[in-house]
Amino acid sequence: QAQVVESGGGLVQPGGSLRLPCIGSGFTFGRFTMSWYRQAPGKERELVASVDSAGRRTSGADSLKDRFTISRDDAKRTVHLQMNSLQPEDTAVYYCNARWSQYGYDYWGQGTQVTVSS
(Lines give C-alpha, C1' and ligand atoms only; values in the text may rest on other atoms or scores of the structure.)
Protein backbone atom coordinates (compact mmCIF):
# COMPACT_ATOMS: atom_id res chain seq x y z
CA GLN A 1 0.00 0.00 0.00
CA ALA A 2 1.41 3.38 -1.01
CA GLN A 3 1.90 5.92 1.70
CA VAL A 4 3.90 8.94 2.75
CA VAL A 5 4.62 9.69 6.38
CA GLU A 6 5.74 13.05 7.72
CA SER A 7 7.44 13.78 11.00
CA GLY A 8 9.57 16.45 12.64
CA GLY A 9 6.94 19.02 13.54
CA GLY A 10 6.73 20.75 16.87
CA LEU A 11 6.95 24.03 18.70
CA VAL A 12 9.71 26.44 17.70
CA GLN A 13 10.47 30.01 18.63
CA PRO A 14 10.37 32.81 16.04
CA GLY A 15 13.61 32.89 14.11
CA GLY A 16 14.22 29.20 14.68
CA SER A 17 14.57 26.30 12.24
CA LEU A 18 13.00 22.92 11.66
CA ARG A 19 13.71 20.10 9.24
CA LEU A 20 10.75 17.97 8.25
CA PRO A 21 11.32 14.51 6.78
CA CYS A 22 8.82 12.58 4.72
CA ILE A 23 9.31 8.91 3.91
CA GLY A 24 7.53 7.23 1.04
CA SER A 25 6.77 3.55 0.68
CA GLY A 26 4.79 1.25 -1.56
CA PHE A 27 5.44 3.16 -4.78
CA THR A 28 8.28 3.92 -7.18
CA PHE A 29 9.56 6.92 -5.25
CA GLY A 30 12.01 8.17 -7.86
CA ARG A 31 9.29 8.60 -10.49
CA PHE A 32 7.15 10.90 -8.37
CA THR A 33 7.10 14.64 -7.85
CA MET A 34 7.42 15.20 -4.13
CA SER A 35 5.92 18.27 -2.54
CA TRP A 36 5.26 19.93 0.75
CA TYR A 37 2.03 21.82 1.35
CA ARG A 38 0.75 23.58 4.41
CA GLN A 39 -2.60 24.60 5.78
CA ALA A 40 -3.05 27.22 8.46
CA PRO A 41 -6.27 27.48 10.49
CA GLY A 42 -9.03 29.06 8.42
CA LYS A 43 -6.93 29.10 5.26
CA GLU A 44 -6.68 26.99 2.15
CA ARG A 45 -3.92 24.48 1.68
CA GLU A 46 -1.00 26.04 -0.18
CA LEU A 47 2.07 24.76 -1.95
CA VAL A 48 5.32 25.28 -0.06
CA ALA A 49 7.76 23.62 -2.44
CA SER A 50 8.10 20.77 -4.92
CA VAL A 51 10.90 18.73 -6.44
CA ASP A 52 10.25 16.60 -9.49
CA SER A 53 11.82 13.30 -10.48
CA ALA A 54 14.65 15.14 -12.28
CA GLY A 55 15.44 17.25 -9.23
CA ARG A 56 13.90 20.45 -10.51
CA ARG A 57 12.53 22.55 -7.68
CA THR A 58 9.46 24.72 -7.60
CA SER A 59 8.63 27.09 -4.78
CA GLY A 60 5.28 28.33 -3.60
CA ALA A 61 4.84 31.87 -2.37
CA ASP A 62 7.73 34.29 -2.87
CA SER A 63 7.93 34.77 0.89
CA LEU A 64 9.00 31.14 1.25
CA LYS A 65 11.69 30.92 -1.40
CA ASP A 66 14.54 32.34 0.64
CA ARG A 67 13.69 30.52 3.86
CA PHE A 68 12.41 27.07 2.89
CA THR A 69 14.34 24.47 0.91
CA ILE A 70 13.14 21.11 -0.38
CA SER A 71 15.48 18.23 -1.10
CA ARG A 72 15.08 14.58 -1.97
CA ASP A 73 17.10 11.42 -1.50
CA ASP A 74 15.69 8.73 -3.73
CA ALA A 75 17.93 6.04 -2.29
CA LYS A 76 16.38 6.67 1.12
CA ARG A 77 12.91 7.36 -0.31
CA THR A 78 12.90 10.59 1.65
CA VAL A 79 12.10 14.21 0.97
CA HIS A 80 13.05 16.94 3.41
CA LEU A 81 11.79 20.44 4.00
CA GLN A 82 14.35 22.69 5.67
CA MET A 83 12.66 25.69 7.23
CA ASN A 84 14.70 28.62 8.48
CA SER A 85 13.84 31.98 10.04
CA LEU A 86 10.43 30.69 11.04
CA GLN A 87 7.74 33.21 11.87
CA PRO A 88 4.38 32.90 13.62
CA GLU A 89 2.63 33.07 10.25
CA ASP A 90 4.37 29.82 9.32
CA THR A 91 2.26 28.03 11.91
CA ALA A 92 0.32 25.36 10.06
CA VAL A 93 -0.09 21.68 9.45
CA TYR A 94 2.53 20.62 6.92
CA TYR A 95 1.63 17.86 4.48
CA CYS A 96 3.79 15.71 2.28
CA ASN A 97 2.51 14.78 -1.18
CA ALA A 98 3.68 12.31 -3.79
CA ARG A 99 2.26 12.73 -7.27
CA TRP A 100 2.69 11.14 -10.67
CA SER A 101 0.18 13.11 -12.67
CA GLN A 102 0.58 11.13 -15.88
CA TYR A 103 -0.96 8.11 -14.19
CA GLY A 104 -3.20 9.85 -11.68
CA TYR A 105 -1.26 8.77 -8.62
CA ASP A 106 -1.62 11.20 -5.74
CA TYR A 107 -0.70 10.32 -2.15
CA TRP A 108 -1.00 12.51 0.92
CA GLY A 109 0.39 12.13 4.40
CA GLN A 110 -1.50 12.81 7.60
CA GLY A 111 0.36 16.03 8.25
CA THR A 112 2.65 17.29 10.98
CA GLN A 113 1.90 20.34 13.10
CA VAL A 114 4.41 23.19 13.15
CA THR A 115 3.79 25.93 15.68
CA VAL A 116 5.95 29.04 15.77
CA SER A 117 5.50 30.93 19.00
CA SER A 118 7.46 32.50 21.80
Side-chain angles (χ1 to χ4, degrees):
Q1 182 178 355
Q3 63 176 351
V4 292
V5 179
E6 314 94 335
S7 61
L11 175 64
V12 61
Q13 292 187 342
S17 297
L18 276 178
R19 183 173 169 86
L20 305 182
C22 167
I23 300 175
S25 62
F27 60 95
T28 310
F29 187 90
R31 298 290 185 95
F32 281 65
T33 292
M34 300 301 298
S35 303
W36 284 94
Y37 288 76
R38 70 182 185 182
Q39 187 166 20
K43 295 187 177 182
E44 294 186 353
R45 191 172 296 188
E46 65 171 344
L47 174 68
V48 175
S50 291
V51 54
D52 69 11
S53 58
R56 292 179 292 249
R57 296 183 176 87
T58 302
S59 294
D62 288 342
S63 62
L64 303 177
K65 290 180 181 179
D66 295 331
R67 299 186 297 121
F68 291 12
T69 302
I70 192 170
S71 61
R72 66 187 295 159
D73 184 337
D74 290 349
K76 296 182 179 179
R77 308 178 61 85
T78 301
V79 60
H80 284 97
L81 182 67
Q82 177 67 43
M83 305 186 293
N84 299 326
S85 301
L86 284 161
Q87 300 301 319
E89 53 266 34
D90 296 316
T91 295
V93 178
Y94 284 73
Y95 296 92
C96 181
N97 173 260
R99 183 175 296 137
W100 193 355
S101 298
Q102 180 179 1
Y103 295 100
Y105 298 134
D106 192 16
Y107 309 128
W108 289 90
Q110 292 299 309
T112 185
Q113 175 71 47
V114 173
T115 302
V116 184
S117 176
S118 56

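Classification of Asp52 and Arg57 as a salt-bridged pair fails, no side-chain N sitting under 4.0 Å from a carboxylate O.
Between Cys22 and Trp36, the shortest heavy-atom contact is CB-CZ2, 3.5 Å. In terms of heavy-atom proximity, Ser17 sits nearest to Gln82 at CB-NE2, 4.0 Å. Across all non-hydrogen atoms, the minimal contact from Pro21 to Thr78 is CB-CG2, 4.5 Å. The minimum heavy-atom distance linking Ser53 with Gly30 is given by the pair CB-O, 3.1 Å. Nearest approach of Lys65 to Gly60, heavy atoms of both residues: CE-O, 4.2 Å.
The side-chain heavy atoms of Asp90 and Arg67, taken from C-beta on, include a pair separated by under 4.5 Å. Residues Glu44 and Tyr37 fail the side-chain proximity criterion, which asks for heavy atoms closer than 4.5 Å. Using a 4.5 Å cut-off on side-chain heavy atoms (C-beta onward), Glu46 and Arg38 make contact. Contact annotation: the side chain of Phe68 never approaches that of Ile70 to less than 4.5 Å [non-hydrogen atoms, C-beta and beyond]. You'll find the side chain of Leu11 reaches within 4.5 Å of the side chain of Ser117, heavy atoms only. The shortest distance between side-chain heavy atoms of Leu81 and Thr69 does not fall below 4.5 Å. Within the 4.5 Å cutoff, the side chain of Leu18 has no heavy atoms near those of the Val116 side chain. For the pair Gln113 and Thr91, the minimum side-chain heavy-atom distance is below 4.5 Å.
Using a 4.5 Å cut-off between side-chain heavy atoms of Ile, Leu, Val, Met, Phe, Trp and Tyr, with links allowed through other members, Val79 and Tyr105 fall into the same hydrophobic cluster. When the side chains of ILVMFWY residues are joined at heavy-atom separations under 4.5 Å, either directly or via intervening members, Val48 and Tyr95 end up in two distinct hydrophobic clusters. Leu64 and Val93 fall into different hydrophobic clusters, where Ile, Leu, Val, Met, Phe, Trp and Tyr are joined by side-chain heavy atoms under 4.5 Å apart, directly or via other members. The cluster map of Ile, Leu, Val, Met, Phe, Trp and Tyr, joined by side-chain heavy atoms under 4.5 Å apart, puts Val12 and Leu20 in the same cluster.
Cation-pi check for Arg77 over Phe27 is met; the charged atom lies under 6.0 angstrom from the ring centroid and within 45 degrees of its normal.
Remark: Gln110 CD to Cys96 SG distance equals 12.0 Å, nearest 0.5 Å. The line from NE2 of His80 to CZ of Arg19 is 4.0 Å long, rounded to the nearest 0.5 Å.
Remark: Trp100 pairs with Phe32, Tyr103 by the ring pair (Phe, Tyr, Trp, His ring centres under 6.0 Å) rule, at least two apart or across chains.
Tested against Asn97 for a side-chain contact (heavy atoms from CB on, under 4.5 Å), the candidates Asp106, Leu47, Val4 yield a single pass: Asp106.
In the displayed structure, Gln39 atom CD is contacted under 6.0 Å by more than 12 heavy atoms of other residues, nucleotides or ligands.
A side chain to side chain donor-acceptor pair (under 3.5 Å) check over residues 4-15, counting only residues at least two apart or in different chains, returns nothing.
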Ser50/Ser35 under side chain to side chain donor-acceptor pair (under 3.5 Å): CA gap, chis, key distance, verdict: CA-CA 4 Å; Ser50 291; Ser35 303; 2.5 Å; yes

Side chain to side chain contact (heavy atoms under 4.5 Å, CB included) evaluation trace for Arg45 with Trp108: CA-CA 12 Å; Arg45 191 172 296 188; Trp108 289 90; 3.2 Å; yes

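If you chain together ILVMFWY residues whose side-chain heavy atoms come under 4.5 Å of each other, Val5 ends up in a group of its own.
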